[in-house]
Amino acid sequence: MPTPYLDPVLVEKTSGIGAKLRLALASAAYETIGNDLVAMVVNDVLATGAQPIAFLDYVACGRLDVPLVVSIVRGIAAACGQAGCALLGGETAEMPALFAPGAYDLAGYAVGVVEHGHELRSELAAGDVIVALPASGLHCAGFELAEAAMGRAGVTAADRVPFGAAGRTFGDELLAPAAVYVQQVLPLVYAGSVKQAVHVTNGGLLRNVQKLELADGLQAELLATAWPLPELYAWLATHGGCTDAEILGTFNCGLGMLLVFGKDDASWQKLPQAVRVGEIRAVKAGAAAATVRHFSDELQRIGALTFPGAASAKRLPAAEKPTVSTVADFLPLIDPLITPTHSAGVYRTAGGKRALRLFPDGRRTHTDPILVIGTDGIGSKILIAKRTQQFGSIGVDLVAMCVNDILCNGADALTFLDYYACGAGVAPATSADILAGVVHGVQQSEAALVDGQTVELPGLYADGEFDLAGFALGVVEHAAILPRSADVRAGDVVIGLPSNGVHSNGFSLVHRVMQVAGKTFADGPAPFSATGRTYGEELLEPTQIYTAAVKPLLRDGRIRAIAHITGGGLLENIPRVLDERLGVELDFAHINIQPVFAWLAQQGNVADVEMQRTYNCGIGLVLVVAPGDAAGVSEALTAHGGAVIGRVFERSEADAAAERPQVRIDALQFAQSMQRVQRTLGQPRRRVGVLISGNGSNLQALIDASRDSRRGLAAEIVCVLSNRPEAYGLQRARAAGIATHVLGHREFETREAFDEAMSERLAEHGVEIVCLAGFMRILSPAFVKRWHGRLLNIHPSLLPAFPGLHAQRQAVQAGAAVSGCTVHFVDEGVDTGRVILQREVRLAGAGETEETLSTKILVAEHFAYAEALRLVATGAVRL
Ligand code: GRF
């Protein structure tokens with residue numbers, strides 16, 4: 001066995017168990033379900049030559065029946081044990097809005113590893129031997145057809161089968177757990193004797209034999225006389241009205257795994273139950289790559305033997321044939337979409353399976369790489385996509401939910417797989433839209449979409465219904481695994497990254513609130529929208545993927561813990577990365593409770609603590625760092641809206657004894673912040689005029705933020721005034737459709753007259769708040785007085801340090817270690833008004849110039865100015 005793996009290749013697979021699920025649920029064969037979820041994926045992984053090492057399950061249901069799920073997990077655990085594969089976890093989602101009580105869907109995921117160069121993809125030659133391992137039953141293929149056949153024959157699962165061992169029912173026959181081949185096959189794989197392998201699954205025996213990689217002029221020939229064809233197939237032909245071609249193209253026909261050995265290699269004979277079923281033959285060029293000879297004869301022979309007098313296989317009239325899958329129409333669309341996501345290490349193994357070479361060029365990038373895997377779904381957010389027929393963004397949610405989770409372990413996402421199950425009547429265009437979202441999410445995660453399963457399950461999903469599950473895999477250096485909970489101590493700083501809104505949890509409550517409010521998703525404008533969008537459009541805002549923000553920080557050891565705020569909200573997700581003796585205190589004076597949360601709380605009459613326990617309330621990711629690293633880390637996250645939001649404290653014994661929550665949020669402070677946002681809902685937004693003289697990048701930041709519902713600015717820019725006609729900011733304003741006015745100051749006799757003209761213009765637009773953004777004129781006392789408490793300026797230093805002109809140059813010349821920006825109310829002095837918000841920027845030392853510092857400060861300004869305007873416009877800060 002090639003351990004340790006020096007050049008590991010990862011092979012992943014996700015799958016459900018298809019229509020077998022419905023029958024298994026109806027027959028209470030729960031352990032079989034668990035077993036089969038594992039069998040489907042580990043056998044597939046094994047067929048590439050990889051050793052399955054870890055498994056995850058995804059369970060979605062309408063109402064969670066704990067003993068039932070426990071039985072399923074028992075089946076999973078037993079099969080994982082058989083496969084020597086670790087059951088690492090899973091996701092169980094209760095989604096009453098999507099599934100009826102008693103309805104379930106499940107997906108399994110396995111990852112395996114094989115040493116590079118040892119994948120099963122040897123060139124096959126004439127004379128090579130094809131060996132099969134017997135199937136234990138239908139496994140998970142062909143249940144739609146089997147059930148249709150039973151219907152035609154008028155039998156049910158409870159009826160006795162008219163063949164084989166006495167007392168067996170059709171249910172027993174169909175629900176036999178699928179065989180797991182790992183332990184039998186791996187030793188031969190390691191010995192190097194297996195040349196190629198195929199897991200016989202969906203598509204039946206014939207199409208799976210075709211997966212062998214063969215040069216033209218070679219054919220894989222199976223002889224149906226070589227193995228005992230189970231009587232069930234003869235019954236399906238004689239009684240169930242299935243044609244031989246249907247049987248061969250749908251069922252495994254008794255063979256679960258095919259292995260190819262060299263002509264003179266007898267090692268396969270050590271495999272218990274292995275049967276030689278055929279060989280690789282030389283044929284003329286262009287001949288079929290695979291054939292199963294004597295299949296019809298054999299089917300008839302067994303039929304005649306078992307059911308004397310019964311009619312043999314007949315052709316079905318076209319209308320009775322199994323339905324043609326719309327999924328088939330969709331599959332060809334997939335490849336061109338997902339290939340662009342493939343990073344250097346992705347390639348195809350034999351049988352077309354994609355694999356990932358962990359170290360793409362063979363050079364180790366990690367000394368002790370640890371793989372991290374995660375699975376999730378997006379719950380009843382899906383329902384909004386369906387109701388509004390907007391499917392483009394939920395794929396991003398699916399990726400985000402998985403990838404953000406593995407980021408919390410410090411891992412870089414490498415690959416993603418999706419499981420997509422639907423009922424009949426889901427248009428290929430819908431599936432393509434969903435997948436386009438997945439691709440977009442995968443690209444944002446800097447990962448590769450390596451595989452997925454798309455299945456149509458009309459028996460489980462009503463027409464047009466579907467569910468999605470995602471699986472992500474990432475890698476982290478052993479020494480860098482997060483959380484480092486033991487390193488977190490009292491006094492550590494908590495940094496928050498803003499969310500995109502509700503993200504992908506708590507939608508059951510959203511649906512209830514929508515009902516109470518009497519709104520549909522098509523209604524609009526939503527009172528929490530900054531741009532007049534509908535409820536549906538706002539609520540579908542995709543979950544933020546934090547890769548770009550966090551990945552650059554993962555290597556340097558400054559991050560001690562990361563929590564992804566998902567189901568369980570702020571209150572339950574943060575403690576997961578904390579030692580019990582510590583707590584976190586969040587300062588809600590400055591946290592932006594996004595308007596959507598304020599609306600949900602207001603309409604649904606949801607208590608504040610419930611909001612905190614259900615939603616991210618505006619903070620999607622929480623990072624913990626040492627106090628000395630706080631400034632550097634929050635500066636690195638400025639462009640992503642990162643800010644200090646709290647502190648770690650030591651819990652007293654009394655806290656622990658009284659079971660006081662580990663996350664402490666001042667109730668009054670939270671309530672006041674919440675009410676302030678609620679007061680803005682559905683109200684006219686504060687009208688803002690901006691004064692500029694130049695480039696206007698701060699103006700742009702204000703425009704963008706005011707049109708972004710998440711920022712909760714409660715303000716709109718209604719006019720832009722410039723004293724210089726050539727100011728580039730004027731073009732920005734015009735492009736944004738905002739009124740502009742140029743007032744040349746030289747045309748006025750006095751400063752006061754000029755200022756008075758500006759005030760008039762501002763008043764004409766009903767301006768309530770004035771923002772100076774690079775406006776290069778001193779304002780008269782009269783103007784300042786008129787706009788008292790409503791006049792804001794931004795200055796590129798941490799006031800009171802470096803006031804006046806060339807603040808950045810002053811900071812560099814003074815050799816300052818830290819500078820930054822200040823948003824302040826304007827008073828009659830120069831840069832002396834009351835500070836609203838400051839943001840630090842550190843100087844790099846000798847290399848720092850006025851230009852480099854100015855660039856860094858501008859990034860901070862763009863975030864800080866909008867944030868300060870929010871505080872003033874919502875009334876959180878006043879003079
Ligand atoms: C900024 O540095 C700001 O601090 C100062 O003027 C500059 C304006 O830049 N008051 P821009 O015009 O917003 O790009």
Side-chain angles (χ1 to χ4, degrees), residues 407-410 479-498 546 549-565 570 573-592 618-652 655-656 660-666 669 797-801 811 815-822 835 837-845 848 856-857 859-860 863-864 867:
L407 268 182
C408 295
N409 289 115
I481 294 179
L482 297 179
R484 293 183 352 236
S485 303
D487 292 349
V488 176
R489 33 183 68 68
D492 279 1
V493 175
V494 179
I495 293 171
L497 280 168
Y546 293 102
V550 172
K551 194 171 168 180
L553 296 168
L554 289 176
R555 299 262 177 279
D556 63 23
R558 286 184 292 179
I559 310 292
R560 291 180 164 172
I562 305 179
H564 178 205
I565 311 304
L570 290 163
N573 285 287
I574 300 177
R576 292 191 181 133
V577 299
L578 286 182
D579 192 290
E580 271 192 5
R581 56 192 171 85
L582 297 174
V584 151
E585 191 170 31
L586 298 181
D587 176 7
F588 263 89
H590 286 181
I591 290 178
N592 170 19
I619 300 295
L621 203 78
V622 162
L623 298 89
V624 180
V625 299
D629 291 327
V633 171
S634 63
E635 185 187 333
L637 292 172
T638 297
H640 304 276
V644 172
I645 57 165
R647 238 158 241 294
V648 176
F649 66 88
E650 179 113 35
R651 290 172 94 209
S652 66
D655 285 339
R660 280 192 202 107
Q662 264 177 293
V663 177
R664 213 190 261 163
I665 296 172
D666 184 289
Q669 194 186 55
S797 76
L798 295 176
L799 291 172
V818 180
S819 187
C821 67
T822 305
V835 171
L837 197 80
Q838 291 189 312
R839 194 79 201 186
E840 283 183 16
V841 170
R842 290 158 326 140
L843 280 77
E848 198 77 73
K856 288 198 284 189
I857 291 180
V859 175
F863 173 71
E867 213 35 30

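Counting begins at 1 with the first residue of the sequence. Fair warning: this is a prediction, and the values are worked out from it, not measured in the lab.
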Please give me the minimum heavy-atom distance between [X] and [Y], naming the atom from each residue.
{"X": "I857", "Y": "C821", "answer": "CG2-CB, 4.1 Å"}
{"X": "A490", "Y": "L582", "answer": "N-CD2, 3.9 Å"}
{"X": "V577", "Y": "I562", "answer": "CG1-O, 3.4 Å"}
{"X": "R839", "Y": "F863", "answer": "NH1-CE2, 3.3 Å"}
{"X": "P498", "Y": "G642", "answer": "CD-N, 4.2 Å"}
{"X": "L497", "Y": "A549", "answer": "CD1-CB, 4.1 Å"}

Does [X] use its side chain to pair, donor to acceptor, with the backbone of [Y] at less than 3.5 Å?
{"X": "Q838", "Y": "L799", "answer": "yes"}
{"X": "R651", "Y": "R660", "answer": "yes"}
{"X": "Q662", "Y": "V584", "answer": "no"}
{"X": "S634", "Y": "A643", "answer": "no"}
{"X": "R555", "Y": "L553", "answer": "no"}
{"X": "E867", "Y": "L837", "answer": "no"}
{"X": "S797", "Y": "S819", "answer": "no"}
{"X": "R484", "Y": "I559", "answer": "yes"}

Electrostatic pair E848-K856, nearest N-O below 4.0 angstrom: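 Here E848 pairs with K856 in a salt bridge, since their nearest N and O are under 4.0 Å apart.
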
Would you mind checking if R560 and D629 are paired as a salt bridge, meaning a charged N to carboxylate O distance below 4.0 Å?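 Salt bridge absent between D629 and R560.
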
Applying side-chain contact (heavy atoms from CB on, under 4.5 Å), run through H564 and N573 and close with a yes or a no. CA-CA 7 Å; H564 178 205; N573 285 287; 6.0 Å; no

About how many Å separate CD1 of I619 and CD1 of I591, when rounded to the nearest 0.5 Å? 5.0 Å

Atom CD1 of I495 and atom CZ of R558: how far apart are they, to the nearest 0.5 Å?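 Interatomic distance, I495 CD1 to R558 CZ, rounded to 0.5 Å: 9.0 Å.
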
Is the shortest heavy-atom distance from the side chain of [X] to the side chain of [Y] under 4.5 Å?
{"X": "V841", "Y": "V859", "value": "no"}
{"X": "D492", "Y": "P627", "value": "yes"}
{"X": "D579", "Y": "V488", "value": "no"}
{"X": "Y546", "Y": "L623", "value": "no"}

Kindly indicate, with the supporting measurements, whether the criterion side-chain contact (heavy atoms from CB on, under 4.5 Å) is fulfilled by I565 and I574. CA-CA 7 Å; I565 311 304; I574 300 177; 3.9 Å; yes

Full working for side-chain contact (heavy atoms from CB on, under 4.5 Å) between V493 and R647: CA-CA 5 Å; V493 175; R647 238 158 241 294; 3.4 Å; yes

Would you check if there is a donor-acceptor pair between the side chains of Q669 and D587 at a distance under 3.5 Å?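 Looking only at side-chain atoms, Q669 and D587 do form a donor-acceptor pair, the distance falling under 3.5 Å.
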
